[in-house]
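Here it is, the structure, as structure tokens.
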Amino acid sequence: MSTGQHEIGADTADPAPTADPADGAVYQVGEVAERVRLSHRTVRYYDDQGLLSAARSAGNYRLYSRSDIERMLMIRRMKPLGFSLEEMRHVLGVLDRVDRESAQAPELELELRRAIDDVRERRDKLAEQMAGADEFLAALRARLP
DNA sequence: GTTCTCACA
DNA sequence: TGTGAGTA
């Protein structure tokens, strides 16, 4: 269960999905891709688009941390909700600020509430589509002999 | 294994 | 918004 190496080789990781306070584990792009189940091209693309900020090894390899992986998982959850990369960047930025300074500042709390409303709206639209799919399925099944 | 760029849909 | 190919 060795994790990323290459220069800053910390190798203390255990892929347990449970909380694990920021250890020094470092992952290369392929390993991140595998863990978040996206192609390495997509991970690199998101990185290039500024959704992630990988460190670099001496050999210019991208180095990702555990928090980068969690960030990727957030992105993967936003994707089916139809967020554009720019919208994701915005939401992630809000979360970054909230995590650093909490949502005590009224302006930040408002941003967070907007994000929540936005996600809820998208979720509701998906639910409508699901309902439509169920009706369609029922209509098809009703034709079965 | 990784990097980057270019082309393509 | 990604991906495939070619390269170093």
Side-chain angles (χ1 to χ4, degrees), chain A residues 1-103 105-141:
Chain A
M1 209 54 80
S2 149
T3 58
Q5 50 279 80
H6 249 279
E7 300 310 314
I8 310 174
D11 197 1
T12 56
D14 158 4
T18 48
D20 185 346
D23 54 45
V26 162
Y27 309 86
Q28 288 178 223
V29 65
E31 201 165 358
V32 172
E34 191 176 333
R35 284 171 185 253
V36 303
R37 311 192 64 169
L38 291 172
S39 75
H40 72 283
R41 299 286 282 105
T42 300
V43 174
R44 198 166 86 81
Y45 181 64
Y46 289 168
D47 198 348
D48 291 339
Q49 295 304 307
L51 273 62
L52 265 41
S53 49
R56 293 288 185 148
S57 74
N60 203 34
Y61 282 23
R62 285 161 224 264
L63 299 178
Y64 298 95
S65 66
R66 225 179 188 62
S67 67
D68 287 320
I69 289 183
E70 279 161 30
R71 198 178 182 81
M72 280 299 309
L73 291 174
M74 301 277 291
I75 292 170
R76 210 191 59 186
R77 291 183 185 111
M78 283 190 269
K79 195 158 67 152
L81 293 175
F83 281 89
S84 68
L85 297 190
E86 185 179 345
E87 289 166 336
M88 292 184 193
R89 201 156 34 228
H90 174 74
V91 173
L92 289 171
V94 171
L95 290 181
D96 287 342
R97 279 184 283 154
V98 168
D99 287 344
R100 276 190 283 100
E101 55 201 86
S102 89
E107 176 266 327
L108 202 45
E109 180 184 341
L110 183 60
E111 281 294 301
L112 184 53
R113 290 188 183 281
R114 281 187 180 138
I116 290 169
D117 286 345
D118 187 13
V119 170
R120 196 181 37 71
E121 233 166 79
R122 293 172 190 257
R123 197 217 76 93
D124 290 347
K125 278 181 187 163
L126 274 187
E128 276 180 40
Q129 292 183 40
M130 292 282 287
D134 285 342
E135 288 173 18
F136 185 44
L137 260 184
L140 294 182
R141 287 179 173 139

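Every chain is numbered from 1, with letters handed out A, B, ... down the list of sequences.
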Would you say A:R122's side chain and A:G82's backbone share a donor-acceptor pair under 3.5 angstrom? yes

Distance check, rounded to the nearest 0.5 Å: A:F83 atom CZ versus A:D118 atom CG? 4.5 Å

Using only atom types and a distance under 3.5 Å, with no angle test, would you say the side chain of A:R62 pairs donor to acceptor with the backbone of A:A54? no

Between A:L52 (CG) and C:dG2 (P), how many Å, whole number? 13 Å

Take the protein atom CZ of A:R76 and the nucleotide atom P of C:dG2, then report the distance between them rounded to whole Å. 13 Å

Nucleotide by nucleotide, 5' to 3', does protein get under 4.0 Å of the base (B), only the sugar-phosphate (S), or neither (-) in nucleotides 2-9 of chain B, counting heavy atoms? SSBB----

Please state how far atom OH in A:Y27 lies from atom P in B:dG1, giving the value in whole angstrom units. 18 Å

Spacing of CZ belonging to A:R71 relative to CG belonging to A:L51, to within rounding of 0.5 Å: 7.0 Å

Closer than 3.5 angstrom, by distance alone: can the side chain of A:D134 be matched with the main-chain N or O of A:A131 as a donor-acceptor pair? no

Between atom CE in A:M78 and atom P in C:dG2, what is the gap in whole Å? 12 Å

With a 3.5 angstrom cut-off on both distances, give the Watson-Crick or G-U wobble partner of C:dA8, or none if there isn't one. B:dT2

Do the non-hydrogen side-chain atoms of A:E107 and A:R97 ever get within less than 4.5 Å of each other? yes

Under 4.0 Å, counting only non-hydrogen atoms across every strand here, what does A:Y46 touch: a base, just sugar-phosphate, or nothing? sugar-phosphate

